[in-house]
> 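First the structure, which I've put down as structure tokens, then a few questions once you've had a look.
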Amino acid sequence: MTNATQDAREALGQCLRDIRRRAELSGRQLAALAGWHESKVSKLEYGKLRASDDARAYCTHAHAEDQLDDRRRPARHAS
């Protein structure tokens, strides 16, 4: 993985973390809503996993669907 790819994943993770926090959800709460293991939230937010469709779950569960298009743009570069 290139540095640019990792940087893009980390930037997307920060965006996802901000969405979750604005919704006043803990990582544990978001994981439960999405049906994920709670460690997945941390891995996504720190750029350890590719977000792909997981960005949609963040936006949906945080009631931030209007931000989905903005969040998916960086996800394309964070493969």
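This is a predicted model, so every value here is computed, not measured.
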> Under the side-chain hydrogen bond (donor to acceptor under 3.5 Å, both in side chains) rule, what do Thr2 and Thr5 come out as? Steps first, then yes or no, please.
CA-CA 5 Å; Thr2 66; Thr5 300; 2.9 Å; yes
> Nearest 0.5 Å, what's the CG-OH distance between Leu25 and Tyr58?
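Answer for the CG-OH pair, Leu25 versus Tyr58, is 10.0 Å.
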> Is any side-chain heavy atom of Asp18 closer than 4.5 Å to a side-chain heavy atom of Gln14?
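Contact flag for Asp18/Gln14 side chains = yes.
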> Show the nearest heavy-atom pair for residues Ala51 and Leu12, with the distance to one decimal.
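Reported closest heavy-atom pair: CB-CD2, 3.4 Å.
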> Which atoms form the tightest heavy-atom contact between Ala31 and Glu38, and what is the distance?
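Taking every non-hydrogen atom into account, CB-CA, 3.5 Å.
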> Check side chain to side chain donor-acceptor pair (under 3.5 Å) between Ser26 and all other residues, then give those that pass, not counting sequence neighbours.
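Checked Ser26 against side chain to side chain donor-acceptor pair (under 3.5 Å); matches are Gln29.
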> Salt bridge check: are Glu65 and Arg56 linked by an N-O gap of less than 4.0 Å?
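No, no charged N to carboxylate O under 4.0 Å.
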> May I ask you to test the Lys40-Asp54 pair for a side-chain heavy-atom distance under 4.5 Å?
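With C-beta onward as the side chain, the pair touches.
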> How close do Val41 and Arg20 get, heavy atom to heavy atom, and via which atoms?
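Taking Val41 first and Arg20 second, the nearest heavy atoms are CG1-NE, 4.0 Å.
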> Are Arg17 and Tyr46 in a cation-pi contact, defined as NZ or CZ under 6.0 Å from the six-membered ring centre and within 45° of the axis?
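The answer is yes, since Arg17 meets both limits relative to Tyr46.
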> Kindly give the heavy-atom pair with the smallest separation between His61 and Leu30, and that separation in Å.
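Answer, listing the atom of His61 first, then Leu30: CB-CD1, 3.6 Å.
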> Show the nearest heavy-atom pair for residues Ala62 and Ile19, with the distance to one decimal.
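Answer, listing the atom of Ala62 first, then Ile19: CB-CG2, 3.5 Å.
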> Can you name the side chain to side chain donor-acceptor pair (under 3.5 Å) partners of Asp7, sequence neighbours left out?
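Asp7 satisfies side chain to side chain donor-acceptor pair (under 3.5 Å) with no residue once adjacent residues are dropped.
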> What residues, two or more places apart in sequence or in another chain, satisfy salt bridge (Lys or Arg N to Asp or Glu O under 4.0 Å) together with Glu10?
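Applying salt bridge (Lys or Arg N to Asp or Glu O under 4.0 Å) to Glu10 gives none.
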> Just so I know, are the side chains of Trp36 and Lys43 near enough to count as touching, which here means a heavy-atom distance under 4.5 Å?
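A side-chain contact under 4.5 Å is absent here.
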